[in-house]
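For the single chain, residues carry numbers from 1 onward in sequence order. Keep in mind that this is a model prediction, so the values were computed, not measured.
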Amino acid sequence: MSNEVKKNMPLTEALVFDIVEYLLNHTGYGYSNEISYFIVDKKPKRYTSREVVGILRNRPMFKHAKVSERKGGIRWRLDVNSLERYLFQKGFQQKAESRGFYEMIGKLKEEQIGKTKLIMELEAQMDTNQLYEALSKVWA
């Protein structure tokens, strides 16, 4: 066998990439209904809402964000460390790089760290509950 790079990904992995792209463009978070609408509108003949939700539930890089608010279904967050392991295990680093994922991941990390630093600078002005709530909005 030759060491050729596959040109096409399986549909499920392509769907994972579309969901990852959506979450990276939305600060790492999204509600299941919003994600589903975006994906199905983007490729209506390819995916269904049930497939999108199934991928969200069954891939390690998509985690429930612990919030009581349910404005658009369950809130999901992108676990960047799990995503990087997933891309390595599947051998999709080149495909991720060609879609600009690594740059977007870097920006997301910088944004979350920046927000955390700002919250910690304001720590003296907050009680424990306020501090916890502010940090959980960034990292929940």
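Residue Phe17 is grouped with residue Leu11 when hydrophobic side chains (ILVMFWY) are merged at heavy-atom distances under 4.5 angstrom, including chains of intermediate members. When the side chains of ILVMFWY residues are joined at heavy-atom separations under 4.5 Å, either directly or via intervening members, Met61 and Val53 end up in two distinct hydrophobic clusters. One hydrophobic cluster, built from ILVMFWY side chains closer than 4.5 Å, holds both Leu122 and Met120.
Side-chain contact between Tyr47 and Ile55: absent, with no pair of heavy atoms (C-beta onward) separated by less than 4.5 Å. Side-chain contact between Val20 and Val16 is present, with at least one heavy-atom pair separated by less than 4.5 Å. Between Trp76 and Glu34 there is no side-chain heavy-atom pair separated by less than 4.5 Å. No side-chain heavy atom of Tyr31 sits less than 4.5 Å from a side-chain heavy atom of Ile74. Looking at Glu51 and Thr12, their side chains never come closer than 4.5 Å, going by heavy atoms from C-beta outward. Leu23 places none of its side-chain heavy atoms less than 4.5 Å from the side chain of Met104. Using a 4.5 Å cut-off on side-chain heavy atoms (C-beta onward), His64 and Arg75 make no contact. Under the 4.5 Å side-chain criterion, counting only non-hydrogen atoms from C-beta, Phe62 is not in contact with Asp79.
Distance check, rounded to the nearest 0.5 Å: CD of Glu21 to NE2 of His26 gives 10.5 Å. In this structure, CD on Glu110 lies 13.0 Å from NZ on Lys115, to the nearest 0.5 angstrom. Atoms OG and CZ, on Ser82 and Arg59 in that order, are 13.0 Å from each other to the nearest 0.5 Å. To the nearest 0.5 Å, atom CG of residue Leu24 and atom CZ of residue Arg99 are 10.0 Å apart. Ser49 contributes atom OG, which lies 10.5 Å from atom CD1 of Ile39 (distance to the nearest 0.5 angstrom). Arg46 contributes atom CZ, which lies 7.5 Å from atom CG of Asp18 (distance to the nearest 0.5 angstrom).
Distance alone, capped at 3.5 Å, places no donor-acceptor pair between the Ser36 side chain and the Val52 backbone. A donor-acceptor pair is defined here as one N or O able to donate and one able to accept, closer than 3.5 Å; no such pair exists between the side chain of Gln112 and the backbone of Lys109. Between the side chain of Tyr29 and the main chain of Ala65, no donor-acceptor pair closer than 3.5 Å is present.
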- Hey, mind stepping through Glu111 and Thr116 against side-chain contact (heavy atoms from CB on, under 4.5 Å) and telling me if it holds? CA-CA 9 Å; Glu111 182 180 323; Thr116 302; over 6 Å; no

- Message: Could you go through Ile105 and Leu83, starting from their C-alpha distance and side-chain angles, then the distance that decides it, and tell me whether this counts as side-chain contact (heavy atoms from CB on, under 4.5 Å)?
- Response: CA-CA 10 Å; Ile105 288 170; Leu83 173 62; 3.7 Å; yes

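Heavy atoms of other residues, nucleotides or ligands lying less than 6.0 angstrom from NZ of Lys43 number more than 12. Around OH of Tyr102, the count of heavy atoms belonging to other residues, nucleotides or ligands within 6.0 Å exceeds 12.
Sorted by first and then second residue, the pairs that involve residues 123-135 and meet salt bridge (Lys or Arg N to Asp or Glu O under 4.0 Å), not counting sequence neighbours, are Glu133-Lys137.
Residue Leu131 is tested with Asn129, Leu135, Thr128 for a side chain to side chain contact (heavy atoms under 4.5 Å, CB included); the sole match is Leu135.
Using cut-offs of 30° and 60° on the angle between ring planes, the pair Tyr22 and Phe38 is tilted.
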